[in-house]
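What follows is a single structure, written as structure tokens, with notes after it.
Side chains included, hydrogens not; waters and symmetry mates left out as well; all remaining heavy atoms used. Here is the naming used below: chain letters follow the sequence lines, and residue numbers restart at 1 for every chain.
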Amino acid sequence: METTSSVRGMNDLLPPESAKWAHLERVCRELFARFGYDEVRPPVVEHTELFVRGVGEGSDIVHKEMYTFRDRSDRSLTLRPELTAGLARAYIEHSMSAKEAVTRWWSLGPVFRYEAINTGRYRQFYQIDCEAYGVGEPTLDAEVIAMLHALYTALRVEPITILVNNVGRGEDRGRYREALIAYLTPHADGLCGDCKRRLVTNPLRVLDCKVETCKAIVAGAPSVLDFLGPAASEHFAAVQATLTELGVPFTVAPRLVRGLDYYTGTVFEFTTTAGNLGSQSTIVAGGRYDDMIGELGGPATPAIGFGIGVERTVLCMPGDAATYAPPVGLFIAAHGAAARRRATALAHTLRQAGIVVEVEHREVGMKAQFRRADKLGARLSLALGESELASGEGKLKDMAARAEHPVVLSDLLATIQRLLA
RNA sequence: GUGGGUGUAGCUCAAUCGGUAGAGCACCAGGUUGUGGUCCUGGGUGUCGUGGGUUCGACUCCCAUCAUCCACCCCA
């Protein structure tokens with residue numbers, strides 16, 4: 001029988017790794033709630049047009065990485081390559097701006113990009129996004145960055161570097177773009193092939209090139225920060241001042257740019273050397289996109305958001321994945337059918353009281369049962385055989401200490417709660 | 001898309017110069033133990049990724065292909 005494998009770049013998430021993911025999601029859920037974010041779940045598939053307009057034709061994502069197909073009605077659909085555009089579509093479609101002045105949403109799910117597979121990079125991967133609509137003030141920018149700082153602190157991911165920049169908007173951005181082209185054009189011969197193309201299609205991305213010769217040229221390029229008008233400069237200064245007041249460490253990175261076209265003004269990126277991510281050291285990135293809602297046909301609405309790379313973040317979280325799973329409180333080893341029934345009933349009661357209980361349902365020897373209790377890391381074990389059934393008493397064994405505690409089976413819960421406390 | 005590494009038991013990996021494969025882990029049983037986890041003994045499975053080529057003979061050499069990992073590019 002020929003077996004089938006998963007699609008290249010699309011992987012199964014299995015235990016114990018899944019426990020680490022669950023922990024990340026749990027921490028996010030609680031933290032985001034404290035900051036006023038509500039969960040939303042948009043579809044995985046959208047009209048292709050949304051990403052072309054939202055993410056931008058100049059981006060590599062739209063250019064060559066989308067999973068685009070025609071459905072049976074001959075509509076062009078695309079598996080979302082990121083979450084922000086779909087969430088913006090939902091925000092507009094449900095007239096959120098008319099319902100509330102400020103909307104804070106978060107979402108989690110798979111996104112798809114057809115690209116080369118590498119460490120922390122897959123064709124189906126997961127992002128956790130937060131988006132805040134309706135506020136253009138710099139204190140929100142700082143709040144968002146501070147929330148992420150709190151998140152990674154809670155996850156014990158370190159060291160973290162927070163890079164912040166302002167890529168300008170409107171006329172400021174246009175003037176900088178012209179100045180950058182004016183500077184780069186005489187050096188065009190020294191740029192790599194990609195950058196020669198970028199010079200025409202998306203000059204700001206040249207700033208982000210990793211090729212040494214390009215970096216050398218970029219080192220002398222004008223800084224976007226020198227082209228910000230008074231309003232943008234003031235905004236960026238306020239973001240920094242607020243971050244400082246919140247005690248969030250950050251570095252201004254004038255050459256930090258984002259790969260998606262929609263960003264305006266404040267952009268940021270968290271990187272880490274943890275997890276051996278190599279060149280894929282960015283674990284979360286985001287920024288303002290004050291023009292996108294309007295460009296997608298909604299009312300002009302300022303917005304800011306970020307996308308957390310789940311796989312990369314999980315790789316950076318310390319400790320073995322298994323340590324994130326809830327520990328087994330009690331393992332019940334049973335000998336014989338009658339004992340198994342009693343064990344099943346006892347376990348049911350204990351589980352309803354919140355204890356993690358594992359019962360050996362197979363007919364195997366005691367030795368194998370205790371071996372399994374040991375492997376599962378059970379805190380306590382209880383052997384149930386004919387004598388225990390007859391007397392209604394047993395011995396709770398502390399697996400680590402190898403000490404045994406007599407227990408009356410009818411009083412099992414209280415004894416266990418005392419021992420596990 | 002470009003460059004490099006690796007594909008052998010369920011998992012992690014060995015196999016000399018080319019002579020049709022082995023260990024650990026895991027699993028079960030037995031010994032010891034209090035019917036009882038760490039110690040000891042025993043128990044078995046491989047289209048050697050796939051297809052072709054060279055050879056008397058290929059896990060080993062060659063070509064192709066697929067998968068996987070790493071770097072680059074790009075991004076989260």
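- In this model, a donor atom of one side chain and an acceptor atom of the other lie less than 3.5 Å apart for A:D129 and A:T84.
- Among the atoms of the strands shown, none is found under 4.0 Å from any heavy atom of A:E269.
- Listed by residue number, A:R362, A:V364, A:G365, A:M366, A:K367, A:A368, A:F370, A:R371, A:D374, A:K375, A:G385 are the residues of residues 360-385 of chain A with a heavy-atom contact under 4.0 Å to RNA chain B.
- Qualifying salt bridge (Lys or Arg N to Asp or Glu O under 4.0 Å) partners for A:R29, counting only residues two or more places apart in sequence or in other chains: A:E39.
- Side-chain atoms of A:K397 lie closest to B:G37 of the nucleotides B:G37, B:A76, B:G1.
- Not a single donor-acceptor pair, N or O on each side, falls under 3.5 Å between the base of B:G1 and the side chain of A:E65.
- The base of B:A76 does not come close enough to the side chain of A:Q124 for any donor and acceptor atom to sit less than 3.5 Å apart.
- Every residue was checked against the ring-ring contact (aromatic ring centres under 6.0 Å, His included) condition with A:F370, not counting sequence neighbours, and none meets it.
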With Watson-Crick and G-U wobble geometry limited to distances under 3.5 Å, how should the secondary structure of RNA chain B be encoded in dot-bracket form, using | for bases paired to another strand and [ ] for crossing pairs? (((((((..((((.....[..)))).(((((.......))))).....(((((..]....))))))))))))....
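- At a threshold of 4.0 Å, the pair A:E158-A:R156 does not count as salt-bridged, since none of the basic side-chain nitrogens sits closer than that to a carboxylate oxygen.
- At least one side-chain nitrogen or oxygen of A:N118 sits closer than 4.0 Å to the OP1 or OP2 atom of B:A71.
- Taking 4.0 Å as the cut-off between side-chain N and carboxylate O, A:R372 and A:E358 count as a salt-bridged pair.
- Near RNA chain B, defined here as any heavy-atom distance below 4.0 Å, there are no residues from residues 336-344 of chain A.
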For nucleotides 65-69 of chain B, list the nitrogen or oxygen atoms of the protein found under 3.5 Å from its nitrogen or oxygen atoms, one pair per line.
{"residue": "B:U68", "atom": "OP2", "partner": "A:R8", "partner atom": "NH1", "Å": "2.1"}

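- Under a cutoff of 6.0 Å and an axis angle of 45°, A:R123 and A:Y114 form a cation-pi pair.
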